[in-house]
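Shown next, in structure tokens, is the structure this report addresses.
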Amino acid sequence: MSDTILVLNAGSSSIKFQLFGLEPSGRLARQLKGQVEGVGGQNPRLVVADASDRPVFQEACPPARTADLEAAQELLGSWLVGHLGAVPVAVGHRVVHGGPDFAMPMLVDDALIERLAKFAPLAPLHQPNNLAPIRSIRARRPDLPQVACFDTAFHRGHPEIADRFAIPDSLHQEGVRRYGFHGLSYEYVASRLPEMAPAMAAGRVVALHLGSGCSACALVDGRSVDSTMGFTALDGLPMGTRPGQLDPGVVLYLMQKGQDADAIQHLLYHDCGLKGLSGISNDVRELLTSGQPGAGLALDYFAYRTGQAIAALGASMGGIDGIVFTAGIGENSAPMREKIATRCAWLGLVLDPERNATHGPRITGPASRIPAFVIPTDEEQMIARHTLATLQATKGQPG
Ligand code: AMP
């Protein structure tokens, strides 16, 4: 059996994994993907599929063995070792926040874990979950190399002006600044662009990561120069349950009404966005078929704000040579891409209805002044690549 790299992406109620085989050519080939879902709930399941998305294993888990992330990870670890009969050469982790300093993935040690834990208040729903499996694997297998790959790292090359808020410098020095997220997704998209659209890849591109979290990124020659996400993953575009850009006066108002930080945090992360605006659902599929006025308003707002963000990032770059759609909504929803493109008609963007309906990859034709593509994202592949590269840089070739 070939050497493998395990990629873990631990969220609040699930722990997702992918296993990549390291082929003699150096290529990383996905072997398995799966997740323990429903962690902490009544009906947890372990679901595993092969590289072609064919189910290979599905089993209900005893709730007592998945009461929290640590327990779920132990269960997943035993399954992997039992079914594969081997441990991976390294584990790569998605870590949402790398703070102002980390522009690259880092090999995990105790000092790094402590530094990353300090960023938990900046990503309260993600960072503690991301760090939980890192800690427990380190406690059990201190010899197993682990690599932390940050969603913020790809944005660290922004010009200073893009990452500043207009606040006193002392706050900026304390870390109150714009970081940008979804970096692993944008880095993957940027890595695919040269083969898919070489002229566009070398130019000014707005990439739209539209999933349950949403953001837009300005890419110049494949590098991020600006992003709609800021200090936390709340800013920028409206999302499934987060509002996106919001006047900070709204938060002051809620505080003055007596709401505490936990209540406001819950509102902003769970009850806003498409869900809050529609009063129906955070899921675009449900809203598209709902027919209720709130659903239409939420989808129109989503397209309106996304159109505004495209224009703003165009201003950051001095023009736009192409647009890329990615993630759950961006990859799968032709009607939402159409709605957003309509907001960009002034740019000369015209989608080809047939190409759009079949999800591209190119979704514009000769009638469009600029091209638009759908590029399915693959954050786990990016993490596996980074993990391998970090391992090779620190230890020489594995195996
Ligand atoms: P992600 O976070 O990238 O997995 O995206 C999840 C979101 O993508 C879901 O909440 C849905 O709103 C959206 N989504 C997934 N598939 C579709 C689809 N076929 N049409 C519209 N939206 C979709």
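Each ligand, and each atom within it, is numbered from 1 in the order the structure gives. These numbers come from a predicted model, not from an experiment.
- Scanning the protein for heavy atoms near atom 19 (N) of ligand 1, the closest one is N332 CB, 3.3 Å.
- With S136 as the fixed residue, the side-chain hydrogen bond (donor to acceptor under 3.5 Å, both in side chains) test singles out one of E74, Q73, E70: Q73.
- Side chain of N129 to main chain of A10: no donor-acceptor pair is present (N/O by atom type, distance under 3.5 Å, no hydrogens or angles).
- The residue from T377, T326, I329 that puts a heavy atom closest to atom 13 (C) of ligand 1 is I329.
- Counting protein heavy atoms only, atom 11 (C) of ligand 1 is closest to D283 OD1, 3.4 Å.
- Residues S227 and H155 have side chains that never bring a donor and an acceptor to within less than 3.5 angstrom of each other.
- Nearest residue to atom 9 (C) of ligand 1 from M239, R285, E286 is R285 (criterion: closest heavy atom).
- A donor-acceptor pair is defined here as one N or O able to donate and one able to accept, closer than 3.5 Å; no such pair exists between the side chain of S14 and the backbone of K16.
- Of the candidates S212, P335, G240, S212 brings a heavy atom nearest to atom 7 (C) of ligand 1.
- Y179 and F181 have tilted rings, their planes meeting at an angle from 30° to 60° on a 0 to 90° scale.
- Residue I161 places its CD1 atom among 12 or fewer non-hydrogen atoms of other residues, nucleotides or ligands, all under 6.0 Å distant.
- Near A327, with a cut-off below 4.0 Å to any heavy atom, the atoms of ligand 1 are 3 (O).
- Distance alone, capped at 3.5 Å, places no donor-acceptor pair between the H266 side chain and the D262 backbone.
- Among all non-hydrogen protein atoms, the one lying nearest atom 12 (O) of ligand 1 is V284 N, 3.0 Å.
- Protein non-hydrogen atoms do reach within 4.0 Å of atom 3 (O) of ligand 1.
- Annotation for ligand 1: atoms under 4.0 Å from non-hydrogen atoms of S333 are 20 (N), 21 (C).
- Distances from atom 14 (N) of ligand 1 to the heavy atoms of C214, G328, G330 show the closest one on G328.
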